[in-house]
Amino acid sequence: MHVCFLFHRKFPQNNSTAMNEYSRKLAANGIDVSVVCAREEADRPLRETVDGVDVYRIPSDTSSSVGLEPTRFAYKGLKEVQRLCEDGTVDVLHMIAFPNLGLVLDSVPWLDAPPTTVADIRGTAISNAVFEYVSRLIINVQDRLVDHTIALHEDVAEKVLSNPETATIVPLGASFDRFEPGSNPELRASWGVDDDDVVFGYTGNVHRSRRLTRLVDAFEGLEEPYRSRAKLVIVGDGPDFGALENYVEEADTDAVTLTGGVPFDDMPAYLKAFDIGLAYIPDRPQYRDQPPLKTVEFLASGLPVIGTNTPGNETFLQDGENARLVPDSVPAYRSAVESVFDERAVFERFGRNARESAREYSYETIVSDVLVPLYRQLIDGTDSSQ
């Protein structure tokens, strides 16, 4: 079996890492895997093999899903897929759903025998209501054109698709061979953290819609004895990083550290420097239903978690078992931070439960138990939705 992934993103990816792990785990299981992706950095090779995956990069600007660039890339990507088909056999084309590839919604139409095509809905995550509506319409058109559609959560499928029952749920996960419990005293020391301090860590894209100033406000409002020992570390970069940096500088607190962007391969080491994972999700339509990558990575790393009580977070988090779930508000998060010091035994139990509670969401399990059987069903002509 030969599976080819097509997406208008870089590879390996930093923020949406499922495609990294799908491809890597498939290759580790002896399946031929190709990735056709975008290249922005001139020093990245156009062709290389990464973890057993054959990578083909097409120069392109991935900064926006609006405009002609995604469609232009997708057309070039399909020509690359055509070449791969002509050189051998591509059994499955796994492509990220609209708007990632612009107006290219299906496989290679000019081939006599195009590969079986799977559209992968990662969630729309669009704050503009008009574009959100248009996006849903087009995704439903795409759902009818491709051979099969998958989504990362039942709520995402129900939110986007007219016929969500026909989609296969392939859940978001974490790589348990990359993320594991441990410690990183050197990194903690570089942040100026004392031995008895508690590091509350957040990871993710820094964008205004993420409302990360609320986390800063929660820590700024702490009183003693919590104020001097609670440290907030935000790992990530994005278009709002400069504004967040200014906000932190103006705040009446020295408890916040912004690390900037971190390569995905380094992220497990950063999580080992945390004591508590902060799965803060703004309770907004574009984020509410999507399971957050940070949350399952925290659990795989053996971290107790404080998280917003959104449906996406509740995919992984059980209040009182591996996490403290709270509303999306500054007072609620401030109170939860204080409870870490007041209820130490409770959070230690959350940490002991964390990794095993997320075991079913390991990418090793997802690929072997869900993705590979789905591909084989589709290749054999048996749609798993039937």
Side-chain angles (χ1 to χ4, degrees), residues 4-11 13-20 22 35-40 57-81 93-109 114 117-153 155-164 166-170 172 204-205 207-210 238-240 282 284-293 312:
C4 179
F5 292 89
L6 174 64
F7 44 78
H8 188 220
R9 295 176 180 169
K10 297 185 288 187
F11 181 87
Q13 300 175 43
N14 252 3
N15 296 323
S16 180
T17 58
M19 299 303 156
N20 298 356
Y22 289 165
V35 166
V36 179
C37 59
R39 184 184 81 161
E40 291 184 311
R57 295 188 176 92
I58 297 170
S60 184
D61 178 7
T62 65
S63 61
S64 176
S65 59
V66 179
L68 293 177
E69 190 63 13
T71 302
R72 185 181 297 114
F73 163 84
Y75 175 77
K76 294 177 182 178
L78 288 184
K79 298 296 286 185
E80 190 68 53
V81 173
L93 176 63
H94 186 138
M95 56 196 294
I96 298 184
F98 181 85
N100 183 260
L101 296 171
L103 296 178
V104 172
L105 305 180
D106 197 3
S107 183
V108 189
T117 306
V118 175
D120 188 333
I121 303 175
R122 299 279 96 193
T124 52
I126 298 168
S127 56
N128 182 288
V130 174
F131 195 17
E132 173 86 1
Y133 175 74
V134 172
S135 179
R136 292 184 192 180
L137 290 178
I138 297 177
I139 287 175
N140 277 278
V141 172
Q142 185 172 32
D143 179 46
R144 289 166 172 78
L145 292 174
V146 299
D147 295 292
H148 196 70
T149 299
I150 67 177
L152 53 73
H153 193 271
D155 289 344
V156 172
E158 290 176 4
K159 177 182 176 182
V160 175
L161 294 173
S162 299
N163 298 301
T166 64
T168 296
I169 305 303
V170 182
L172 190 74
N205 184 264
H207 191 281
R208 182 174 58 182
S209 63
R210 300 279 182 175
D240 204 42
R284 309 181 70 180
Q286 69 265 39
Y287 299 124
R288 184 175 297 130
D289 295 326
Q290 289 179 253
L293 178 64

In the structure I gave you, are the side-chain heavy atoms of I96 and M19 within less than 4.5 Å of one another anywhere? yes
Report the residues that fulfil side-chain contact (heavy atoms from CB on, under 4.5 Å) with R208, sequence neighbours left out, ordered by chain and then residue number. D240
Any side-chain heavy-atom pair of H153 and D289 under 4.5 Å: no
For the atom pair CD1 (I138) and OH (Y133), what is the distance rounded to the nearest 0.5 Å? 11.0 Å
Side chains of H8 and S60: does their closest heavy-atom pair fall under 4.5 Å? yes
Partners meeting side-chain contact (heavy atoms from CB on, under 4.5 Å) with I169 (sequence neighbours left out): A151, E154, A157
Residue set satisfying ring-ring contact (aromatic ring centres under 6.0 Å, His included) with Y22, at least two apart, ordered chain then number -> H94, Y363
Taking T117 as the fixed residue, which of V146, L145, V81 is the one that meets the side chain to side chain contact (heavy atoms under 4.5 Å, CB included) rule? V146
Interatomic distance, CG@N20 vs CZ@F5, rounded to 0.5 Å, equals 10.5 Å
Indicate yes or no: at least one non-hydrogen side-chain atom of T149 is less than 4.5 angstrom from one of T166. no
Considering only heavy atoms from C-beta outward, does the side chain of L152 approach that of P291 to under 4.5 Å? yes
How about P239 and N205: do any of their side-chain heavy atoms sit closer than 4.5 Å? yes
Any chance you could measure Q142, atom CD, to L161, atom CG, to the nearest 0.5 Å? 10.0 Å
Side chains of V156 and Q290 in contact at under 4.5 Å (non-hydrogen atoms): yes
Inter-residue atom distance C37.SG - Q13.CD, 0.5 Å rounding: 8.5 Å
Residues forming a side-chain contact (heavy atoms from CB on, under 4.5 Å) with V118, sequence neighbours excluded: V92, I150, L378
Nearest-0.5 Å distance that lies between atom CG in L105 and atom OG1 in T71: 8.5 Å
Taken in chain and number order and not counting sequence neighbours, the residues that satisfy side-chain hydrogen bond (donor to acceptor under 3.5 Å, both in side chains) with K79 are Q82
Is any side-chain heavy atom of N163 closer than 4.5 Å to one of R144? yes
With L6 via side-chain contact (heavy atoms from CB on, under 4.5 Å) - residues at least two apart: V36, F73, L78, L93, M95, L101
